[in-house]
Novice: 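Got a structure for you, written out below as structure tokens; questions coming shortly.
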2 protein chains.
Amino acid sequence: MVRTARFSAEHFVDAAIALVAEGGPGAATMQAIARRVGAPTGSIYHRFDSRSAILAAAWNASYGSLARLLVPLLQAGRPREAALALIPWAGEDRPRARFLLLHEPVALFEDAPPPEPLRQAMEQLEAEMDQAFRACIARFGDGTIRDEDLSRAKFLIFDAPIAILRPHLLAEAPIPAFAGQMMAELHAGLPFAGARAGTTHAA
Amino acid sequence: MVRTARFSAEHFVDAAIALVAEGGPGAATMQAIARRVGAPTGSIYHRFDSRSAILAAAWNASYGSLARLLVPLLQAGRPREAALALIPWAGEDRPRARFLLLHEPVALFEDAPPPEPLRQAMEQLEAEMDQAFRACIARFGDGTIRDEDLSRAKFLIFDAPIAILRPHLLAEAPIPAFAGQMMAELHAGLPFAGARAGTTHAA
DNA sequence: ATCATTCTAGAACGCTCAATCTATTTGTAT
DNA sequence: ATACAAATAGATTGAGCGTTCTAGAATGAT
């Protein structure tokens, strides 16, 4: 090698995540990212081709962290534990949680789409998560996967827990204890897959 | 009067809502709004002081439409019907629903805060909705309102239904029939207020 | 010690945007 | 008809953005 880098790709990604978490996607300008790291703007381009490349890397890092948590639990057939695991996950790294859960990805890439290799990585992560959901459902029913079952599972394990966490993430408040209780009640109250009230079976 | 206006404030607001719904807050530039209406950019400033004024007006129009739907039902003590009413509301005007439910307000005003009179109108609308939630809860318990009860109510009537609708709004797909069933099961499964399992009462 | 390479450093460029400005058009009241 | 107020019309301005460019500094291999 030739010269030690003062600023790593991770530094820039972390800064981007923090900026988006605090002020929305528009707050993560190249200059703001550089300022936060203490680097000149030009140095960012030694690590990333463009702004959308940083944002895609930030999304991959955040979503990847979530996938590493949820996918094993889903494949093991433990949906309830997956939903509950979101609480400590959100508590451990609030900027990452706010980045991922509070802003639509579409808003990150409205100026320019992410470069090809990163876009593929994003799709791969989403496909992995989708497959894990399907594997989890298959364990509870007769093996066939219906759209309705997939929607229910994603709601119970992903969207509903996020909806429970969102107000507290927005308010920068700690996650209250009853959040976990609400998730548990949710899973107790809604049939997961297979036997659904009023459709295939009675009651 | 002196000259008939070709472009009303409503035209510009509708265009802004549609643009945000389609491509996120950044897509609603003054020039894009003007182009969509068929007006020159300067004409927008005869109706609105600034870009954030339009976006605030758009938010007020959308949230106001939602408040007019939910507040009476909440005050009448019909939370389940309020939650279910969101489905036809979202179906009737998709751009408005996408504008309001798919993007965090913080992303709308990250460049500049809304001007004072509009900011107050926004707060007033949110306060009205909050009061309606409290009134609804008070009918079910002994009159006292706890934070946990308020969180549960807002989740059941607002955030959870939105979480059910969100994937279908994002995909531009029609809202499937089982969405309503999921909301109904949700309300059947989670205690609304007052008697909560494991806290004040047993079972 | 020198070279090749990779980084820092930050000024500069081109572009788009919100907002302003000047000129023109239009409908109404006199 | 004419005057006037309010709107259209769109070029212009200045700021901020992403990106590029030029220069210099640092490091390991020769």
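Chain identifiers are assigned alphabetically (A, B, ...) following the order of the sequence lines, protein sequences preceding nucleic acid strands; residue numbering begins at 1 within each chain.
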Novice: Name all residues meeting the side-chain contact (heavy atoms from CB on, under 4.5 Å) criterion together with B/A112; count only those two or more places apart in sequence or in a different chain, and write none if there are none.
Specialist: B/S52
Novice: What class does the angle between the rings of B/F158 and B/F133 fall in, given that below 30° is parallel, 30 to 60° is tilted and above 60° is perpendicular?
Specialist: perpendicular
Novice: Which atom pairs, donor and acceptor, lie under 3.5 Å between side-chain atoms of residues 103-111 of chain A and protein residues at least two apart or in another chain?
Specialist:
unit_1	atom_1	unit_2	atom_2	d
A/H103	NE2	A/V20	O	3.3
A/E104	OE2	B/R166	NE	3.4
A/E110	OE1	B/G26	N	3.4
A/E110	OE2	B/G26	N	3.0

Novice: Between B/F7 (CZ) and D/dA9 (C1'), how many Å, whole number?
Specialist: 9 Å
Novice: How would you list, by chain and number, every residue that makes a side-chain contact (heavy atoms from CB on, under 4.5 Å) with A/E123, sequence neighbours excluded?
Specialist: A/R119
Novice: Does any non-hydrogen side-chain atom of A/P114 lie less than 4.5 Å from one of A/L55?
Specialist: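 The answer is no, as the side chains (C-beta and beyond) never meet within the 4.5 Å cut-off.
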Novice: If only side-chain N and O atoms of B/S43 are considered, is one of them under 4.0 Å from the OP1 or OP2 phosphate oxygen of D/dT8?
Specialist: yes
Novice: Go through the structure and list residues passing side-chain contact (heavy atoms from CB on, under 4.5 Å) with B/A53, not counting sequence neighbours.
Specialist: B/F48, B/S50, B/P115, B/L118
Novice: For A/R68, is there an ion pair with A/E128 - N to carboxylate O distance below 4.0 angstrom?
Specialist: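 Answer for the salt bridge query: no.
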Novice: I'd like to check the salt bridge (Lys or Arg N to Asp or Glu O under 4.0 Å) partners of B/E92; sequence neighbours left out, ordered by chain and number.
Specialist: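 Result, salt bridge (Lys or Arg N to Asp or Glu O under 4.0 Å) vs B/E92: none returned.
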Novice: Using a 4.0 Å cut-off on heavy atoms, which residues in residues 106-120 of chain A reach DNA chain D? List them by number, or say none.
Specialist: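 Heavy-atom contacts with DNA chain D come from no residue of residues 106-120 of chain A; none.
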Novice: Please list residues of residues 44-59 of chain A whose heavy atoms come under 4.0 Å from any atom in DNA chain C, ordered by number; otherwise none.
Specialist: A/H46, A/R47
Novice: Supply the atom-to-atom distance A/Q181 CD to B/E148 CD, rounded to the nearest 0.5 angstrom.
Specialist: 6.0 Å
Novice: side-chain contact (heavy atoms from CB on, under 4.5 Å) with A/E126: which residues, sequence neighbours excluded?
Specialist: A/W59, A/Y63
Novice: Would you call the rings of B/H168 and B/F178 parallel, tilted or perpendicular, taking 30° and 60° as the class edges?
Specialist: perpendicular
Novice: Pairs of donor and acceptor atoms involving the side chains of residues 95-102 of chain A, under 3.5 Å and at least two apart or interchain, shall be tabulated with distances.
Specialist:
unit_1	atom_1	unit_2	atom_2	d
A/R96	NH1	A/S65	OG	3.1
A/R96	NH2	A/W89	O	3.3
A/R98	NE	A/A21	O	2.9
A/R98	NH1	A/L169	O	2.7
A/R98	NH2	A/A21	O	2.9

Novice: Might you list the N or O atoms of the protein lying below 3.5 Å from N or O atoms in nucleotides 13-15 of chain D, with each pair's distance?
Specialist:
none

Novice: Tell me the interatomic distance from A/F12, atom CZ, to D/dT19, atom P, rounded to whole angstroms.
Specialist: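 Interatomic distance, CZ of A/F12 to P of D/dT19: 14 Å.
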Novice: Mind checking what makes salt bridge (Lys or Arg N to Asp or Glu O under 4.0 Å) contact with A/R36, not counting sequence neighbours?
Specialist: A/E22
Novice: Does anything in residues 23-41 of chain A come within less than 4.0 Å of DNA chain C? Heavy atoms only, and list the residues if so.
Specialist: A/P40, A/T41
Novice: Does C/dT25 have OP1 or OP2 under 4.0 Å away from a side-chain N or O of B/R6?
Specialist: no
